[in-house]
Amino acid sequence: MKIISFFENFLKRDSLFKEKNILSSSYTPEDIIFREEQIQEIANILAPALRLEKPSNVFIYGKTGTGKTLSVRHVLKSMLLLAEKNNLELKTIYLNCKLKRVVDTEYRLVAQLIKEFGEEVPPTGLPTDEVYSTFYELLDKKKILLLLVLDEIDQLTKKMGDDILYNLTRINAELHNSQVCLVGISNNLVFAENLDPRVKSSLSGEELIFPPYNALQIQDILRKRAEIAFKPGVLLPGVVEKCAAYAAREHGDARRAIDLLRVAGELAERGGKLKIEIAHLDEAEKKVESDKIICAVTDQPKQFQTVLYAILLLSPQKKNFFTGEIYDLYQELCKKIKLNVLTQRRISDILAELDMLGIINAKIISKGRYGRTREVCLSLEENILLKLKELLEKSLNLS
DNA sequence: AGGTATTCACATGAAACTATTCTCTGAGTTAGG
DNA sequence: TAACTCAGAGAATAGTTTCATGTGAATACCTGT
């Protein structure tokens, strides 16, 4: 019955939010501030599509949270609207290549494209070129102009090499009626540099760079959203400024700032407060960070978790340690929980991945006569470590 | 003392392998006419 | 004879293993003073 009174209490309490989804990452605002120039530029490049002429391929660079995706989607949306009104055979497809198990290989990319045309293709079993020809057939059935947006395209090539991109650029050569225009979005500013020159020239006909927002701009963006998202007077002065400062520190990532603000609001609400204080922001930052890590660790394979557990066990003893030590302890652990032991080669890769995820800090050092190795140390806060340890023990069935 | 050469303990890369999931094909089997 | 079944060949993928090669600097080993 306690739970009933909790819910009653919950209902009685006023929410701090007026419209929470304004602060969710999927929300697309009507007008995008500080990006007018870039939006206009994209529009200029893609405009020929409305006359069913193929625009040049575009490549868009910019760090995370600089509004690339938002701007492109905005342009596409209005083009689609116009196309519909004028009965134009214009189609747009937006794909995020980061999505695991959806668009992270060549096969799956094409399969996903086919899905966008309302057909299904088996998840495996067919040769890739057959899937390609199905796609061509589908696309070529009638004259269409396709705007294909590939977000985080660098992820795709990192895994599979740039053959994929080469194949994509060749699509138009295979088609008789339809035409495809590619829009690539990349977080990596030097992405095109180490690309096959043939691919590069045909892919990046036009290039566009999104600069990061500065703290003031982020402040404006936050204020604009907060105005609608929260009830009036909920935000204490200084919160938005602090939030923007946090984000500006992280290369002007607006998405992060908005996330932070939302989580701070949630925390304040959960704590029964009527105002959002600066302290909530600090708390929110910790929570966002820890959630990210916990989430990343949870869906890693057992072997991966075991390696992390080994590091966790080693960490109280000394500040930093080397690959060999981790491997030794890992082997023992594996024996204990009856897991087959992986090679040191593999562990080396796993350590590199852990480093990428920001869970550990690994630096390759040379100890001179005593070899070369990774110097690993944990870079997380105490309470995250405890949470992680608990999680791993549960997941690995350790006592 | 100063300069090279060694050497350690891994790092890093490429290719190949394994297990799993899934499709397609065609031979063999079955049931109905 | 058409429909059905089922084994076998072949793909894609994730996660590894195997083999080969690379590497930075603390030491060992010279050399000439």
Side-chain angles (χ1 to χ4, degrees), chain A residues 95-115 119-138 152 154-168 193-196 295-311 314 318-335 337-357 359-377 392 395-396:
Chain A
L95 291 178
N96 189 327
C97 307
K98 197 178 59 180
L99 290 178
K100 282 241 175 225
R101 294 166 198 282
V102 183
V103 239
D104 59 349
T105 68
E106 185 168 19
Y107 184 96
R108 295 214 257 249
L109 171 67
V110 184
Q112 193 62 31
L113 288 175
I114 290 174
K115 219 177 203 171
E119 296 272 326
E120 281 285 339
V121 98
T124 172
L126 304 185
T128 307
D129 16 340
E130 198 165 319
V131 187
Y132 260 113
S133 40
T134 323
F135 173 58
Y136 290 147
E137 227 168 83
L138 221 52
E152 316 219 20
D154 40 337
Q155 298 292 320
L156 202 60
T157 47
K158 201 166 71 189
K159 264 190 87 173
M160 314 299 298
D162 30 351
D163 298 10
I164 302 185
L165 295 188
Y166 182 65
N167 287 338
L168 285 178
E193 311 242 313
N194 29 27
L195 219 54
D196 190 316
C295 196
V297 170
T298 316
D299 47 37
Q300 293 292 348
K302 273 219 160 46
Q303 300 283 4
F304 193 98
Q305 298 183 346
T306 313
V307 176
L308 181 55
Y309 191 69
I311 297 173
L314 273 174
K318 46 182 168 170
K319 205 160 147 273
N320 36 27
F321 24 86
F322 310 114
T323 309
E325 301 173 70
I326 296 170
Y327 187 62
D328 288 345
L329 181 55
Y330 157 80
Q331 275 178 304
E332 273 179 49
L333 278 173
C334 277
K335 250 182 250 161
I337 55 179
K338 300 206 170 69
L339 219 58
N340 46 342
V341 185
L342 301 185
T343 17
Q344 184 153 311
R345 176 71 188 84
R346 180 66 190 130
I347 302 307
S348 181
D349 278 350
I350 290 180
L351 286 176
E353 282 175 56
L354 280 166
D355 189 26
M356 288 285 290
L357 287 172
I359 296 171
I360 62 172
N361 233 318
K363 212 168 47 190
I364 292 135
I365 56 158
S366 176
K367 291 188 292 169
R369 189 68 215 282
Y370 303 104
R372 227 161 97 88
T373 179
R374 277 201 173 79
E375 187 185 53
V376 174
C377 65
L392 289 178
S395 138
L396 299 172

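Below, read A as the first sequence line, B as the second, and so on, with proteins coming before strands; counting in each chain starts at 1. Note that these values count all heavy atoms, side chains included, but never hydrogens, waters or copies made by symmetry.
Where DNA chain C meets chain A (any atom under 4.0 Å from a heavy atom), the bounding nucleotides read 5' to 3' are C/dG10 to C/dA28. Taking the 5' to 3' direction, DNA chain B first and last meets chain A under 4.0 angstrom from a heavy atom at B/dT7 to B/dC24.
Listed by first and then second residue, the salt bridge (charged side-chain N to carboxylate O under 4.0 Å, His left out) pairs involving residues 343-353 of chain A are A/R345-A/D349, A/R346-A/E353 (not counting sequence neighbours).
Just one of A/V376, A/L329, A/N320 meets the side chain to side chain contact (heavy atoms under 4.5 Å, CB included) condition when paired with A/L314; it is A/L329. When A/V297, A/I347, A/I350 are each tested for a side chain to side chain contact (heavy atoms under 4.5 Å, CB included) with A/F304, only one passes: A/I350.
Listed in residue order, the members of residues 298-308 of chain A having a heavy atom less than 4.0 Å from DNA chain C are A/Q303. Contacts with DNA chain B (heavy atom under 4.0 Å) in residues 96-106 of chain A: none are found.
In terms of position on DNA chain B, the residue among A/T373 and A/G125 whose nearest nucleotide sits closer to the 5' end is A/T373. Each of A/R372 and A/R369 was matched to the nucleotide of DNA chain C holding its nearest heavy atom; the match closer to the 5' end belongs to A/R372.
Remark: A/T323 pairs with A/T373 by the side chain to side chain donor-acceptor pair (under 3.5 Å) rule, at least two apart or across chains. Partners of A/L339 by side-chain contact (heavy atoms from CB on, under 4.5 Å), not counting sequence neighbours, listed by chain and number: A/K302, A/Q303, A/T306, A/C334, A/I337. With sequence neighbours left out, A/R374 forms a side chain to side chain donor-acceptor pair (under 3.5 Å) with A/S348. Residues passing the side chain to side chain donor-acceptor pair (under 3.5 Å) test with A/T298: none are found, sequence neighbours excluded. Listed by chain and number, the residues in a side chain to side chain donor-acceptor pair (under 3.5 Å) with A/D163 amount to none (sequence neighbours excluded).
Counting heavy atoms from C-beta on, the side chains of A/L354 and A/I311 come closer than 4.5 Å. Within the 4.5 Å cutoff, the side chain of A/D328 has no heavy atoms near those of the A/E325 side chain.
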Between side-chain atoms of residues 119-132 of chain A and protein atoms elsewhere (two or more places apart, or another chain), which donor-acceptor pairs fall under 3.5 Å?
unit_1, atom_1, unit_2, atom_2, d
A/Y132, OH, A/E106, OE2, 2.9

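Bending across the helix from B/dA1-C/dT31 to B/dA31-C/dT1, expressed as the angle between its end axes from five pairs apiece, amounts to 20° (10° rounding).
Residue-level contact check: A/R345 touches the bases, meaning some heavy atom is under 4.0 Å from a base atom. Within the 4.0 angstrom heavy-atom criterion, only backbone atoms of the sugar-phosphate kind lie near A/V341; the bases stay farther away.
The CG atom of A/L156 lies 11.0 Å from the CZ atom of A/R108; values are rounded to the nearest 0.5 Å. Atom CD1 of residue A/I164 and atom OH of residue A/Y107 lie 14.0 Å apart, to the nearest 0.5 angstrom. Taking CD of A/Q155 as the reference point, atom CG of A/D104 lies at 9.5 Å (rounded to 0.5 Å).
A donor-acceptor pair is defined here as one N or O able to donate and one able to accept, closer than 3.5 Å; no such pair exists between the side chain of A/Q344 and the backbone of A/G324.
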